[in-house]
Structure formats: structure tokens, C-alpha cells
**Q** 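There's a structure below that I have some questions on.
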Protein chains: 2
Amino acid sequence: MKLTSKGRYAVMALVDLAKFNNFNPVSLRDISLRQGISLDYLEQIFSKLRKKEIVQSVRGTQGGYVLNKKAKEIKLTNIFDAVDEKVKTVQCKKDSKKGCNGKSTKCLTHNLWDELENHINNFFDEKSLEDLVKDNSERRI
Amino acid sequence: MKLTSKGRYAVMALVDLAKFNNFNPVSLRDISLRQGISLDYLEQIFSKLRKKEIVQSVRGTQGGYVLNKKAKEIKLTNIFDAVDEKVKTVQCKKDSKKGCNGKSTKCLTHNLWDELENHINNFFDEKSLEDLVKDNSERRI
DNA sequence: ATAAACCTGACTAAATTAGTCAAGTATCAT
DNA sequence: ATGATACTTGACTAATTTAGTCAGGTTTAT
């Protein structure tokens, strides 16, 4: 089980954006340079973030992205959801006879994975972008 | 982020083993049939579990595997560890200039992943095989 | 006009996963 | 003894996923 870098990059980029979000839109080029993430890859990621209305784009020269909500209101859940970073612990087939179909026949450990999934999602639900920015500014960078 | 089926199978198989562990060793063949897991794959998994002394093997006819510890003492952490199911949230390169080398320069979100990893590992540390068997016998199967 | 910056979709190399396959070795029951 | 059962090991492979790259746009401030 591991987090993919798409999810990690999305969070890193948004923390960066939140920090520099004061007046002007922040260009992906800047984020790319500061965070060492490929520009092309960032574009893919921000395209998804925009579709989920986490950021807004400003086109043209001096354009870039701005947060579409307050940092406090953007939870990790929202970010991961936007970039398809799924927390998926069980993969039970609907037509499986043995094992698990999720309903009548639960596999021996079905409850466990459900519980784990909740445990992780709780963590993501509570953590906001603001928390990360704060935690970050307390340390020197 | 997702759990691989090697980890899931390992847990399922051990719950099965724990339930039928009363007197005789339990053969992989039986587990394979009951849980619908390929025998060959189970063999790979049990080979690892044996090396980590979670189970003991009994060769020959009527052979099979038995738990090497009390179900209460086998935590999920031990199982996942044995089959290389890693909870890995951050992948920071040691030689990275930007981003993160884990020491002097931490990436903007390093603390977050550490925290998450702890959060998940706590869950695994607390959950024992006995818990799972109990939880399971409360439901009908 | 032109350059900065967003936007989109297609493509690909590398890694990982989820097994299969083959060829053993050990031990029990008869 | 010998056959059957079951563990043991290592190599192999197909499919999927990941982490990007690449190429070609469009929009807009200056």
C-alpha cells in the first residue's frame, strides 16, 4: 500500500499555491521550479483540480491559478478525490462465489478493510490545506 | 493508495488458519478451497510467513501449517511486514536537491506523510489475528 | 503581434502485481 | 517399500498501473 506521487504532488503544489496566493495568480512554471515537479505533469494535475473546483485558472500572460476556496475549507479528501487518488483497501468482486460479493457472503476480513478505510479517511477528512500551511510555516523552509 | 492482494490474502489465510487450528495442521489445499485463493500463490505467501516465524510447517501427509504464536500475539503489522506489504507514503530521494532529502530540506508536506504513516501503522499495531477471528465468529459465515 | 501561461489528448517506458509453472523434498499411512 | 500428500523453491509471464513526456493547441495582457 502506498500513496502515488500524483496525490503527493497535488498536495505539495497546493501548499505551495496557498503560500504564494496572496495577490496574483501563481503560475505552474513557478510551482514547477520551486517544487521540482515536471510542468507537464503539473498541468495534468491542475486540470483535474480545476474540474473539481478546488482551483480557478487565470489565462494569459501573468495568469496562473488561485485557490477557489479558503484553505481551511479544502480538505485532503477533496484533493485526493480530485486527482483520483483512491484509498481502496478491498477489491471484492461482485460475481465472486467464494471470497466476497460485499453482501450476502462477506470474506473473512471484509469488516477489517472497511474499518481501515474509515480510519484513513477520517485522517484525510480532518486535515485541511490550512493545517499544512501552518505546520509548514512553523518550521523554516 | 491501495492494499495489494498479497497482503489481503495473507490475512484471510491466517484468519482461516486460526479458525481451524484446533488440533491438526491445516493444509494450504484446504485454505485454497475455502478462500478461493490459488494454491501456488498461497505457497509463496506461506513461505514468507514461515520465514518470519508466524507459522510453522508440518511436512508429509496430514501436514500443513500451524500458528507459531497465539492469535492474540500476531498483529497485522507482523503479517504485512512478513509479506512485504509496505505502508509507504513518502518516497523522498536522498540525492534530491529540491523536494526532499529527509534531513536538511524537507519537502513541504514531509510531516504530513509521516503523520499519516503513523496513523495507519497504529491501526495495524493494535489489531491482532484474535480480534479478527472474534469479529468474524460473531457474524455467521 | 507575441510571449506567457493555460489546456488537452495521446503516447510510452518502467515498475509492480498477481499470479502460473516446473521441479523438486519430506513424511505419513499402508 | 511405496505411493500419496503436502511442503519448498525459483523462475517465468501477462496484465495493469504509474509517472511521466510530447505535441499541438487556445487565451489574454502588454
Side-chain angles (χ1 to χ4, degrees), chain A residues 1-13 17 20 23-33 35-52 54-66 68 80 83-86 88-93 96 99, chain B residues 1-10 12-13 17 20 24-33 35-52 54-66 68 80 83-86 88-93 96 99:
Chain A
M1 177 163 57
K2 69 167 199 243
L3 225 54
T4 68
S5 61
K6 185 172 279 180
R8 292 195 289 112
Y9 287 169
V11 176
M12 282 173 67
L17 178 54
F20 292 89
F23 301 103
N24 302 321
V26 181
S27 74
L28 292 190
R29 199 182 116 82
D30 288 353
I31 297 179
S32 166
L33 290 173
Q35 304 303 326
I37 304 169
S38 134
L39 179 58
D40 282 320
Y41 205 24
L42 275 179
E43 278 169 354
Q44 278 184 43
I45 291 168
F46 272 76
S47 164
K48 293 178 184 224
L49 292 174
R50 191 175 60 82
K51 279 174 192 151
K52 295 284 183 164
I54 291 172
V55 296
Q56 267 192 335
S57 67
V58 180
R59 302 190 93 173
T61 317
Q62 306 291 12
Y65 285 91
V66 288
N68 199 27
F80 285 152
V83 299
D84 302 314
E85 186 78 271
K86 290 175 284 283
K88 200 170 227 171
T89 53
V90 216
Q91 194 81 347
C92 295
K93 290 164 194 164
S96 140
Chain B
M1 177 161 61
K2 68 164 199 252
L3 224 54
T4 68
S5 60
K6 186 173 280 182
R8 292 193 290 109
Y9 286 168
M12 281 173 67
L17 178 54
F20 291 89
N24 304 320
V26 180
S27 74
L28 292 190
R29 198 180 118 82
D30 288 352
I31 297 179
S32 166
L33 290 174
Q35 303 303 326
I37 304 169
S38 135
L39 179 58
D40 282 320
Y41 204 23
L42 274 179
E43 277 167 355
Q44 277 184 46
I45 291 169
F46 273 75
S47 164
K48 293 179 183 224
L49 293 174
R50 191 175 61 81
K51 277 173 192 153
K52 294 286 182 163
I54 291 172
V55 296
Q56 267 192 336
S57 67
V58 179
R59 302 189 94 173
T61 316
Q62 306 291 11
Y65 286 91
V66 288
N68 199 25
F80 285 151
V83 299
D84 303 314
E85 185 77 271
K86 291 176 283 283
K88 199 170 228 172
T89 52
V90 217
Q91 195 81 348
C92 294
K93 290 164 194 164
S96 139

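So that the names make sense, note that chain A is the first sequence line, chain B the second, and so on, each numbered from 1. When reading the values below, keep in mind they use all heavy atoms of this one structure, side chains included, and skip hydrogens, waters and symmetry mates.
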**Q** How about A:F46 and A:L17: do any of their side-chain heavy atoms sit closer than 4.5 Å?
**A** yes

**Q** In whole Å, what is the span from the CG atom of A:D40 to the C1' atom of C:dT8?
**A** 11 Å

**Q** Within the structure, does a side-chain N or O atom of A:S27 lie under 4.0 Å from either OP1 or OP2 of C:dC6?
**A** no

**Q** Looking at C:dT20, I'd like to know if its phosphate oxygens (OP1 or OP2) sit under 4.0 Å from a side-chain N or O belonging to B:S38.
**A** yes

**Q** Indicate whether OP1 or OP2 belonging to D:dA19 is found under 4.0 Å from a side-chain N or O atom of A:S5.
**A** yes

**Q** Decide yes or no on salt bridge (Lys or Arg N to Asp or Glu O under 4.0 Å) for B:K6 and B:D84, but give the supporting numbers first.
**A** CA-CA 9 Å; B:K6 186 173 280 182; B:D84 303 314; 5.9 Å; no

**Q** Roughly, in whole Å, what's the span from CD in A:Q56 to C1' in C:dA5?
**A** 16 Å

**Q** Using atom OH of A:Y65 as one end and atom C1' of D:dT27 as the other, report the distance to the nearest whole Å.
**A** 12 Å

**Q** Ignoring backbone atoms, test whether A:R50 places a side-chain nitrogen or oxygen under 4.0 Å from the OP1 or OP2 oxygen of C:dT8.
**A** yes

**Q** Does A:Q44 contact D:dT21 through a side-chain donor or acceptor facing the base, at a distance under 3.5 Å?
**A** yes

**Q** Whole Å only: how far is the CD atom of B:E43 from the P atom of D:dA11?
**A** 16 Å

**Q** Tell me: CD of B:E85 to P of C:dT17, nearest whole Å?
**A** 8 Å

**Q** Tell me the interatomic distance from A:K48, atom NZ, to C:dG9, atom P, rounded to whole angstroms.
**A** 11 Å

**Q** Provide, to the nearest angstrom, the distance between the CZ atom belonging to B:R59 and the P atom belonging to C:dT27.
**A** 6 Å

**Q** Which sits closer to the 5' end of DNA chain C, B:G60 or B:K6, going by the nucleotide each is nearest to?
**A** B:K6

**Q** For a quick check, tell me whether the side chain of B:Q62 and the base of C:dC28 share a donor-acceptor pair closer than 3.5 Å.
**A** no

**Q** Would you call A:L28 and A:E43 a side-chain contact if the rule is heavy atoms closer than 4.5 Å?
**A** yes

**Q** Atom CZ of A:F46 and atom P of C:dA5: how far apart are they, to the nearest Å?
**A** 14 Å

**Q** Between A:V58 and B:Y41, which has a closest nucleotide on DNA chain C that is more 5'?
**A** A:V58

**Q** Ignoring backbone atoms, test whether B:T4 places a side-chain nitrogen or oxygen under 4.0 Å from the OP1 or OP2 oxygen of C:dT16.
**A** no

**Q** Can a donor-acceptor pair be found, under 3.5 Å and without considering hydrogens, that links the side chain of A:E85 to the backbone of A:T4?
**A** yes

**Q** Can you find a pair of side-chain heavy atoms, one from B:D30 and one from B:F20, that are under 4.5 Å apart?
**A** no

